[in-house]
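Below you'll find the structure, written out as structure tokens, and then a few comments.
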Amino acid sequence: MTTEVLKITGDPAENERVIEKAARIIRGGGLVAIPTETVYGLAGSALLETSAEKIYAAKGRPADNPLIVHVARPEEAEDFARPGPLYFRLAKRFMPGPLTVILEKTDRIPSTVTAGLGTVAVRCPSNPVARRLIEVSGHPIAAPSANRSGSPSPTAAEHVYADMNGRIEMIVDGGPCEIGLESTVVRPDGDDACTVLRPGAVTPEMLAEVCREVRIAPAVVEPSLAADGTPESPGMKYRHYAPKAEVVLINASHAKFLEYVREHASGKYGVMIPNEDAGYFGGGMMLLTGNRGDAKEASRRLFSLLRRADEAGLETIYAELPEPEGETLALYNRIIRAAGSKILTLGSGRT
Ligand code: TXA
Ligand code: MG
């Protein structure tokens, strides 16, 4: 199969033609990679069992890890799920946007999409191309991240091309993703409590604005837990985002981190550091995370830095351990997975 890449440009009429072409592919049971505000998604109709099967095959993903169903408007969840009052409160505050909510499903969604679960994950993306595509296709859209299973989620069309060329019909190139980490996944527990199954740009503090009790699933901060126990979200049990290089994650003051890397790094190594420290090292590859303290920029860049490290054939990547809370909770969650949960603590850690 040849994979066509079509760009979103400044021309609205041309963009509408691209979107219509993509929508036809989706209605016909084919697959299109689409931009969203979080990461690129591998989109197929959520109403067709064969589309879900093709998605698992193209990703090389185990069929027991369910897909997120994307809608153009939050109330469309009622077409295939049983949303409760908390869903509508969350939707009012955070949708369209980077939030996915787990709901009880109805028979309209084939069980292949949800990997046999009685629940379905629903998300209404804010990216205008994604929303328009869902609207024009007239189908809810199943879309996992558009990477091959095990590699970092794609945050640019080039990343999708590298993983999916020859496996899908089309890639819609909408430029780099704004957020760069996947959506927050929450499960409502009754009408006024919820559990964060995957952290994202919608933080626990933000969720607490509409929900009295916000729990964080233990596997979010402790991924080794997910390997043995029964995971609350199937995605938790897989080792995600694993670059080929070994990630040495250091829990230390910033000064100690820099000093440690300067003394110990050898071979083909890279260092994830803020722009301000670019001049500190004589050798190695500088993987710049943006201005120091800019969690949004560091989140936006993480996956493309990991891909760049692999392309350069790095053996080791040194990175600082982020705080497991607030705006950096999602970054913490992804980076401990990339490091396979190994953390090196120097002195008394960060403080
Ligand atoms: O930002 C995103 O959410 C992106 C874009 C494309 O929308 N999508 C994405 O999909 O990250 P994926 O398939 O890579 O991750 C979906 C996560 C997995 O961890 C999966 O286990 C979990 O959501 N999930 C899906 N359905 C679920 C369900 N019914 N119950 C619990 N967890 C579920
Ligand atoms: Mg994924």
Side-chain angles (χ1 to χ4, degrees), residues 31-44 46 52 55-56 58-71 77 80-82 94-106 109 111-127 129-131 133-134 140-155 159-160 163-164 172 174 177-189 194-202 217 219-220 223 226 230-242 299 303 330 333-334 337:
L31 304 185
V32 179
I34 61 166
T36 85
E37 70 278 17
T38 56
V39 300
Y40 273 75
L42 182 54
I55 289 174
Y56 291 112
K59 276 185 70 81
R61 176 178 195 155
D64 63 349
N65 194 2
L67 309 176
I68 293 176
V69 177
H70 297 68
V71 293
F80 56 83
R82 295 185 223 285
F94 301 112
M95 291 185 189
L99 179 71
T100 296
V101 184
I102 308 297
L103 299 174
E104 192 188 324
K105 81 184 269 294
T106 68
I109 298 284
S111 63
T112 325
V113 171
T114 61
L117 296 178
T119 53
V120 59
V122 181
R123 157 155 145 76
C124 176
S126 62
N127 180 290
V129 176
R131 288 185 77 198
L133 178 58
I134 303 165
I141 285 182
S145 50
N147 52 295
R148 290 275 294 166
S149 206
S151 70
S153 291
T155 55
H159 302 161
V160 181
D163 281 18
M164 292 293 166
V172 179
C177 300
E178 255 170 72
I179 293 175
L181 297 180
E182 308 87 340
S183 63
T184 304
V185 178
V186 296
R187 182 192 60 212
D189 303 317
C194 67
T195 302
V196 176
L197 303 179
R198 179 177 72 182
V202 174
V220 164
T230 329
E232 296 178 81
S233 180
M236 288 174 172
K237 72 180 178 201
Y238 297 103
R239 183 171 174 233
H240 275 158
Y241 327 112
S299 302
F303 289 144
N333 168 267
R334 303 317 188 270
R337 282 172 156 69

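These numbers come from a predicted model, not from an experiment. Both counts, for ligands and for their atoms, begin at 1 and track the order of listing.
Considering backbone and side-chain atoms alike, T119 places an N or O below 3.5 Å from some N or O of ligand 1. On a distance-only criterion, T36 and ligand 1 share no N/O pair closer than 3.5 Å. For ligand 1, the polar-atom distance check against K59 finds no nitrogen or oxygen pair separated by under 3.5 Å. In terms of N/O distances under 3.5 Å, ligand 1 is not approached by Y40.
Remark: R148 engages no residue in a salt bridge (charged side-chain N to carboxylate O under 4.0 Å, His left out) (not counting sequence neighbours).
With ligand atoms numbered from 1 in the order given, ligand 1 contributes 18 (C), 20 (C), 21 (O) to contacts under 4.0 Å with heavy atoms of N65. Short contacts between ligand 1 and S183, defined as distances under 4.0 Å to a heavy atom of the residue, involve ligand atoms 1 (O), 2 (C), 3 (O).
In summary, N147 places no N/O/S atom under 2.8 Å from the Mg ion (ligand 2), failing the contact criterion.
Remark: the S183 side chain and the T100 side chain contain an N/O donor-acceptor pair separated by less than 3.5 Å. R123 and T36 share a donor-acceptor pair across their side chains, judged by distance under 3.5 Å alone.
When atom types are taken as modelled, the side chain of T112 and the backbone of A52 share no donor-acceptor pair closer than 3.5 angstrom.
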Can you check side chain to side chain contact (heavy atoms under 4.5 Å, CB included) on H159 and V39, steps first, answer last? CA-CA 10 Å; H159 302 161; V39 300; over 6 Å; no
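Expressed to the nearest 0.5 Å, how far NE2 of H70 lies from CZ of R131 amounts to 12.5 Å.
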